[in-house]
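As the structure lists them, so they are numbered: ligands from 1, and atoms in each ligand from 1.
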Amino acid sequence: MDDACIFCRIASGAIPATLLYADEQVVAFPDVNPQAPTHVLVIPRRHLPRLSALPGSDPLWNRLLAAVQAVAESLPLAGGFRLVVNQGGDGGQTVEHLHLHVLGGRQMTWPPG
Ligand code: 5GP
Ligand code: ZN
């Protein structure tokens with residue numbers, strides 16, 4: 001828990017949020033500035049500043065992806081969705097707590113901006 005981290009504070013309940021999914025390790029909540037009709041953030045409760053801080057072999061990845069699937073099934077995303085992780089400055093990361101963006105509810109375009 002990093003008291004200065006907004007996502008740690010959401011995960012701990014210090015900042016109230018509508019949790020769309022929650023288990024012992026992962027929570028999901030709507031993005032405050034949605035870029036699509038559905039824009040959900042899936043995060044580990046553990047403070048990890050970015051994707052590269054979590055080894056690929058860590059079982060927490062399975063938990064995060066399982067949560068993405070649970071969220072996707074609970075929302076009107078039958079037409080598809082996009083899963084995004086921004087890493088570092090060039091990646092466009094602005095919040096230093098690992099988060100997976102689930103975007104959908106409209107036709108997504110490629111290439112991304
Ligand atoms: P990044 O640019 O780091 O990949 O994404 C950070 C995301 O967090 C942005 O889409 C931004 O709108 C969202 N965000 C930033 N602060 C808050 C907050 O306090 N609450 C919620 N729900 N989302 C936030
Ligand atoms: Zn954090």
Side-chain angles (χ1 to χ4, degrees):
M1 169 85 184
D2 176 343
D3 288 333
C5 171
I6 191 94
F7 286 179
C8 280
R9 294 172 71 192
I10 289 173
S12 72
I15 295 177
T18 303
L19 297 186
L20 302 172
Y21 177 89
D23 65 28
E24 322 82 69
Q25 296 187 44
V26 179
V27 300
F29 51 90
D31 194 292
V32 74
N33 183 23
Q35 301 301 311
T38 296
H39 187 172
V40 176
L41 301 173
V42 176
I43 71 167
R45 290 185 184 272
R46 199 169 124 208
H47 181 78
L48 293 156
R50 59 192 64 84
L51 177 147
S52 57
L54 186 60
S57 58
D58 194 304
L60 182 54
W61 280 116
N62 292 353
R63 304 292 298 254
L64 289 163
L65 291 174
V68 166
Q69 290 179 323
V71 165
E73 285 167 13
S74 72
L75 294 170
L77 292 173
F81 62 90
R82 182 166 293 168
L83 181 61
V84 172
V85 179
N86 297 325
Q87 151 101 15
D90 280 0
Q93 184 177 1
T94 58
V95 175
E96 297 281 311
H97 180 127
L98 174 61
H99 50 281
L100 285 63
H101 297 257
V102 180
L103 296 141
R106 65 169 168 83
Q107 178 64 59
M108 307 304 289
T109 59
W110 196 264

| said: Suppose I only count heavy atoms of Ile6 and a 4.0 Å limit; which atoms of ligand 1 are within that range? | reply: 19 (O)
| request: Measure Ile10 to ligand 1 on non-hydrogen atoms and call it side chain, backbone, both or neither using the 4.0 Å cut-off. | output: side chain
| request: For Arg45 and Ala22, indicate whether the former's side chain and the latter's backbone hold a donor-acceptor pair under 3.5 Å. | output: no
| request: May I ask you to list the atoms of ligand 1 that are less than 4.0 angstrom from any heavy atom of Phe7? | output: 8 (O), 17 (C), 24 (C)
| request: Output the atom name for the N/O/S atom of His47 with the smallest distance to the Zn ion (ligand 2). | output: ND1
| pair Val26-Ile43: side-chain heavy atoms closer than 4.5 Å | no
| request: Pick, from Val32, Asp31, Val95, the option with the minimum heavy-atom distance to atom 18 (C) of ligand 1. | output: Val32
| query | Do Gln25 side-chain atoms and Asp23 backbone N/O form a donor-acceptor pair below 3.5 Å? | reply | no
| task | Quick one: report the N, O or S atom of His97 that is nearest to the Zn ion (ligand 2). | result | ND1
| task | Check whether any side-chain heavy atom of Glu96 lies under 4.5 Å from a side-chain heavy atom of Arg50, and answer yes or no. | result | yes
| task | Taking the side chain as every heavy atom from C-beta outward, state whether Leu98 and Val85 have any atom pair closer than 4.5 Å. | result | yes
| request: Identify which of His39, His99, His97 has a heavy atom lying nearest to atom 1 (P) of ligand 1. | output: His99
| Is there a heavy atom in Leu41 that sits closer than 4.0 Å to ligand 1? | yes
| Distance filter under 4.0 Å to Asn33 heavy atoms, resulting ligand 1 atoms | 12 (O)
| note | atom 3 (O) of ligand 1 has as its nearest protein heavy atom Thr94 N, 2.7 Å
| said: With a 3.5 Å distance limit and no angle check, can you tell me whether His99 reaches the backbone of Ala28 through a side-chain donor-acceptor pair? | reply: no
| Under 4.0 Å from any heavy atom of Asn86, which atoms of ligand 1 are there? | 1 (P), 2 (O), 4 (O)
| What distance separates His97 NE2 from Cys5 SG, expressed to the nearest 0.5 Å? | 5.5 Å
| Arg82 side chain vs His101 backbone, donor-acceptor pair below 3.5 Å | no
| message | Please classify the Pro30 to ligand 1 contact at 4.0 Å (heavy-atom distances, strictly less than): side chain, backbone, both or neither. | response | backbone
| Taking Gln93 for the side chain and Pro49 for the main chain, is one N or O donor matched with an acceptor at less than 3.5 Å? | yes
| query | Taking N or O atoms only and a 3.5 Å limit, does Phe29 qualify as a polar contact for ligand 1? | reply | no
| field | Region of His101 that comes within reach of ligand 1 [heavy atoms, distance under 4.0 Å] | value | side chain
